[in-house]
> 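Got a structure here, written out as structure tokens. Questions coming.
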Amino acid sequence: SGRLQSFQILTSGTGATYTLPINITAILIESIGGGGGGGGVSGTANNVAMAGGGGGGGYCRKLYTSPAATYTYTIGNGGNGGAAGNNSGAAGGNTTFDVMTAFGGGGGSGSLTTANATIGNVCGVGGSASGGDVNFVGQTGLLGIAFLVNVFGGTGGSTVYGSGAGAVSISAAGSVAGNTANNNSGGGGGGAISINTATTRAGGNGGSGYRDWE
């Protein structure tokens, strides 16, 4: 009585059923939504292109002091990165448990092509959360940026339990796909980049969400 009996982490499941273990009198549930995918780029000669990073998934936590025998839950998948070209990433999936929802992060937008040093396209917003005793919004992804000869893709937004994908960068002609966030982090995927080349690159995938209880 009054001590931790078990600890479980779930990384997949859609409309699945959680069954309360025997002799458990209270459960603490934590949920993270999937991260949004980063944007892709379509480069052109004599220009730079940089896409936005995806947003991190929302987070919520709730203590059940008189839990029911069963609950239905779903784990949100990470959003796919934008396809190679000027394409936005997909939003991450929602993670749900009973009355709680940790919403997935938004996808980062596709490339902005420009001949000037500038800030890149729109990044994915962080996912919100509801129904918990504690509800946090995931971090918004970062914008891509070009400065002189250096181009950086947008960084993916982070969550309570993990960082988003790091930014890719180049300082000479070429192109690089966005980095993918770690699964089960809920972090956003990174945006792709291009300098002075007519190529297309895909954005990085967002990390999947997860749920744990104890």
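We count residues from 1, following the sequence as given.
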> Check whether any side-chain heavy atom of Ser31 lies under 4.5 Å from a side-chain heavy atom of Arg61, and answer yes or no.
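No, too far: nothing below the 4.5 Å cut-off.
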> Quick one: pull up OG1 in Thr14 and CG in Asn77 and give me the separation to the nearest 0.5 Å.
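One finds 6.5 Å between OG1 of Thr14 and CG of Asn77.
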> Measure the acute angle between the ring planes of Phe97 and Tyr71, then classify it against the limits of 30° and 60° as parallel, tilted or perpendicular.
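It falls in the tilted class, 30° to 60°.
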> Report the C-alpha separation of Thr11 and Ile75 in whole Å, then their side-chain angles, then the decisive distance to 0.1 Å, and conclude whether the side-chain contact (heavy atoms from CB on, under 4.5 Å) test is met.
CA-CA 6 Å; Thr11 59; Ile75 307 299; 5.5 Å; no
> Report the residues that fulfil side chain to side chain contact (heavy atoms under 4.5 Å, CB included) with Ser208, sequence neighbours left out, ordered by chain and then residue number.
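Listed in chain order: Asn183, Asn184.
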> Looking at CG of Asp98 and OH of Tyr18, how far apart are the two atoms once the value is rounded to the nearest 0.5 Å?
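Interatomic distance, Asp98 CG to Tyr18 OH, rounded to 0.5 Å: 11.5 Å.
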> If you look at every heavy atom in Gly58 and Ala102, which pair is closest and at what distance?
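Smallest interatomic distance, heavy atoms only, reads O-CB, 3.3 Å.
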> Compare every heavy atom of Ser88 with every heavy atom of Gly110, then report the nearest pair and how far apart it is.
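The answer is N-OG, 3.5 Å.
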> According to side chain to side chain contact (heavy atoms under 4.5 Å, CB included), who are the partners of Val176, at least two apart in sequence or on a separate chain?
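With neighbours one apart ignored, the set is Val168, Ile170, Ile193.
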> What is the ring orientation for Phe136 with Tyr59, classed by angle as parallel under 30°, tilted 30 to 60°, or perpendicular over 60°?
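Correct class here is parallel.
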> Nearest 0.5 Å, please: how far is CD in Gln8 from CD1 in Ile27?
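So the CD1 of Ile27 and the CD of Gln8 are separated by 10.0 Å.
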> I'd like to know if Val134 and Phe103 are part of one continuous hydrophobic network [Ile/Leu/Val/Met/Phe/Trp/Tyr, side-chain heavy atoms within less than 4.5 Å].
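They do not share one cluster, since no chain of ILVMFWY contacts under 4.5 Å joins Phe103 to Val134.
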> With sequence neighbours left out, what residues match Thr70 under side chain to side chain contact (heavy atoms under 4.5 Å, CB included)?
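Counting only residues at least two positions away or on another chain, Thr70 forms a side chain to side chain contact (heavy atoms under 4.5 Å, CB included) with Thr17, Thr19.
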> Just by distance, do the side chain of Thr159 and the backbone of Gly162 share a donor-acceptor pair under 3.5 Å?
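Indeed, once roles are kept as given, a pair shorter than 3.5 Å links the two residues.
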> Hydrophobic clusters here meaning ILVMFWY residues chained together by side-chain heavy-atom distances under 4.5 Å, can you tell me if Val137 and Tyr161 are in one?
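Different clusters.
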> Minimum heavy-atom separation for Gly207 and Ser185, please, with both atom names.
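Looking at all heavy atoms of both residues, the shortest contact is CA-OG, 4.2 Å.
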> What pair of heavy atoms forms the shortest contact from Pro67 to Thr25, and how long is it?
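Minimum heavy-atom separation between Pro67 and Thr25: CD-O, 3.2 Å.
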> For Ser42, is there any backbone N or O sitting under 3.5 Å from a side-chain donor or acceptor partner on Ser111?
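At least one qualifying donor-acceptor pair exists.
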> Sort out for me which residue in Asn135, Ile29, Thr95 forms a side-chain contact (heavy atoms from CB on, under 4.5 Å) with Met100.
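Result: among Asn135, Ile29, Thr95, Ile29 is the only option passing the side-chain contact (heavy atoms from CB on, under 4.5 Å) with Met100.
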